[in-house]
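Since this is a predicted model, take the numbers as computed values, not measurements. The sequence lines fix the lettering, A, B, ..., with proteins before strands; numbering per chain opens at 1.
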Amino acid sequence: SQQGEEDPQALSIQEGENATMNCSYKTSINNLQWYRQNSGRGLVHLILIRSNEREKHSGRLRVTLDTSKKSSSLLITASRAADTASYFCATRDDYKLSFGAGTTVTVRA
Amino acid sequence: DTEVTQTPKHLVMGMTNKKSLKCEQHMGHRAMYWYKQKAKKPPELMFVYSYEKLSINESVPSRFSPECPNSSLLNLHLHALQPEDSALYLCASSQGGDIQGAFFGQGTRLTVV
């Protein structure tokens with residue numbers, strides 16, 4: 001069950017640049033999470049932001065959450081070639097974890 | 001041990017076969033999940049077990065049958081699948097609450113012929 005849209009669908013940037021992607025969701029949430037998936041492999045949890053938080057940082061990652069607009073953004077600063085992957089937001093409502101459509105990020109060396 | 005282990009990594013099965021996918025975690029997580037992922041699509045939730053009981057079934061066809069024998073193990077039994085069921089099947093586990101996200105296995109790449 002796809003929760004919502006992610007924007008853009010694909011992003012190509014130069015190494016060292018910042019990458020920003022957005023996620024919109026439809027229903028009420030307990031928290032919103034971001035995951036990374038390298039080609040055809042399992043997902044890796046990056047960061048979790050609770051519904052009562054507005055911004056969170058972890059290393060080169062910055063996440064914002066606007067519950068009034070039902071939207072979130074993920075910023076990756078100083079991107080590296082190793083950041084090339086698909087990024088998914090996921091919303092959690094009780095035990096249900098539902099994923100957005102994803103953004104494919106390509107970092108060019 | 002912060003791993004979710006899925007076996008097998010790859011599986012090819014005929015439409016009349018019966019097979020099982022297995023998932024194991026030893027993190028004491030109380031929720032376990034099965035997802036199906038088609039190429040270039042997001043993971044699609046199939047089932048959620050919490051405290052070893054099936055809590056969510058996202059209207060999955062009965063040819064997919066989940067089982068949670070204990071708090072560490074999750075199985076997905078497959079029977080009479082169709083070629084369109086070919087996909088990456090992902091298992092995940094989580095503690096629940098707002099503390100941490102879910103841990104995913106590497107998936108089973110299933111091909112139905």
Side-chain angles (χ1 to χ4, degrees), chain A residues 1-7 9-10 21 23-25 27-53 56 58 61 63 65 67 72 74 85-106, chain B residues 2-7 9-10 23 25 27 29-60 68 86-111:
Chain A
S1 55
Q2 190 175 315
Q3 172 64 288
E5 300 293 320
E6 285 189 54
D7 163 44
Q9 288 187 342
M21 58 211 86
C23 163
S24 61
Y25 58 92
T27 61
S28 62
I29 61 171
N30 299 122
N31 61 59
L32 187 141
Q33 304 170 27
W34 286 88
Y35 289 80
R36 183 186 73 228
Q37 185 178 36
N38 291 93
S39 180
R41 300 179 66 84
L43 284 83
V44 174
H45 177 255
L46 296 176
I47 193 166
L48 178 154
I49 185 165
R50 298 182 178 85
S51 60
N52 61 354
E53 296 176 314
K56 200 160 183 181
S58 176
L61 306 179
V63 169
L65 179 65
T67 53
S72 174
L74 172 67
S86 292
Y87 292 82
F88 296 95
C89 67
T91 53
R92 186 177 173 120
D93 178 18
D94 197 9
Y95 279 109
K96 188 168 181 174
L97 187 63
S98 304
F99 286 85
T103 295
T104 301
V105 175
T106 303
Chain B
T2 57
E3 278 194 352
V4 175
T5 303
Q6 287 188 245
T7 55
K9 288 186 170 48
H10 300 274
C23 175
Q25 58 90 12
M27 294 175 278
H29 287 171
R30 53 193 178 179
M32 294 186 77
Y33 307 77
W34 280 115
Y35 286 87
K36 173 183 177 180
Q37 187 178 27
K38 301 282 260 184
K40 299 189 187 305
K41 295 290 187 182
E44 188 179 324
L45 183 63
M46 299 175 72
F47 303 104
V48 181
Y49 274 82
S50 58
Y51 295 101
E52 302 171 46
K53 287 186 170 45
L54 183 64
S55 59
I56 297 175
N57 176 344
E58 291 285 277
S59 302
V60 179
C68 188
S86 298
L88 181 68
Y89 287 84
L90 294 161
C91 174
S93 70
S94 75
Q95 184 58 20
D98 288 335
I99 299 172
Q100 60 178 206
F103 288 76
F104 278 78
Q106 290 300 302
T108 295
R109 177 74 61 188
L110 174 68
T111 304

(request) Give a yes or no on whether B:Arg30 atom CZ has more than 12 heavy-atom contacts from other residues, nucleotides or ligands under 6.0 Å away. (result)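 For B:Arg30, atom CZ is crowded (more than 12 foreign heavy atoms under 6.0 Å).
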(message) Is it the case that atom CD in A:Gln9 sees more than 12 heavy atoms from other parts of the structure closer than 6.0 Å?
(response)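 At most 12 heavy atoms, drawn from other residues, nucleotides or ligands, come within 6.0 Å of this atom.
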(message) Going by the rule side chain to side chain donor-acceptor pair (under 3.5 Å), which residues pair with A:Gln37 if we only count those two or more places apart in sequence or in a different chain?
(response)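 A:Gln37 satisfies side chain to side chain donor-acceptor pair (under 3.5 Å) with B:Gln37 only.
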(request) Go through the structure and list residues passing side chain to side chain donor-acceptor pair (under 3.5 Å) with B:Trp34, not counting sequence neighbours. (result)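 B:Trp34: no side chain to side chain donor-acceptor pair (under 3.5 Å) contacts found.
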(message) Within this structure, what is the CZ-CZ distance for the pair A:Arg41 and B:Arg109, rounded to the nearest 0.5 Å?
(response)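 Here the rounded value is 11.0 Å.
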(request) With rounding to the nearest 0.5 Å, note down the distance linking CG in A:Asn31 to CD in B:Gln100. (result)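 A:Asn31 CG to B:Gln100 CD: 11.0 Å, rounded to 0.5 Å.
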(request) May I ask you to list the residues in residues 45-53 of chain A that approach chain B closer than 4.5 angstrom, counting heavy atoms only, ordered by number? (result)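 Under the 4.5 Å heavy-atom cut-off, A:His45, A:Leu48, A:Arg50 qualify.
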(request) Could you tell me whether the side chain of A:Tyr35 reaches within less than 4.5 Å of the side chain of B:Pro43, counting heavy atoms only? (result)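 SC-SC contact between B:Pro43 and A:Tyr35 ruled out.
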(message) Side chains of A:Lys96 and B:Leu45, heavy atoms from C-beta outward: is any pair under 4.5 Å?
(response)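 When only atoms from C-beta onward are counted, B:Leu45 and A:Lys96 do touch, with a gap below 4.5 Å.
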(message) Using heavy-atom distances under 4.5 Å, tell me whether B:Phe103 contacts chain A through its side chain, its backbone, both, or neither.
(response)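 Interface part for B:Phe103: neither.
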(request) With chain A as the partner chain, list the residues of residues 87-95 of chain B whose heavy atoms fall under 4.5 Å from it, by residue number, and write 'none' if nothing qualifies. (result)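 Listed by number: B:Leu88, B:Leu90, B:Ser94.
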(message) Give me the atom names and distance for the closest heavy-atom approach of A:Phe88 to B:Pro42.
(response)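 That closest heavy-atom pairing would be CE2-CA, 3.5 Å.
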(message) Looking at chain A, which one of B:Ala102, B:Ala39, B:Ser59, B:Ser55 has the largest number of heavy-atom pairs inside 4.5 Å, strictly under?
(response)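 Heavy-atom pairs under 4.5 Å are most numerous for B:Ala102.
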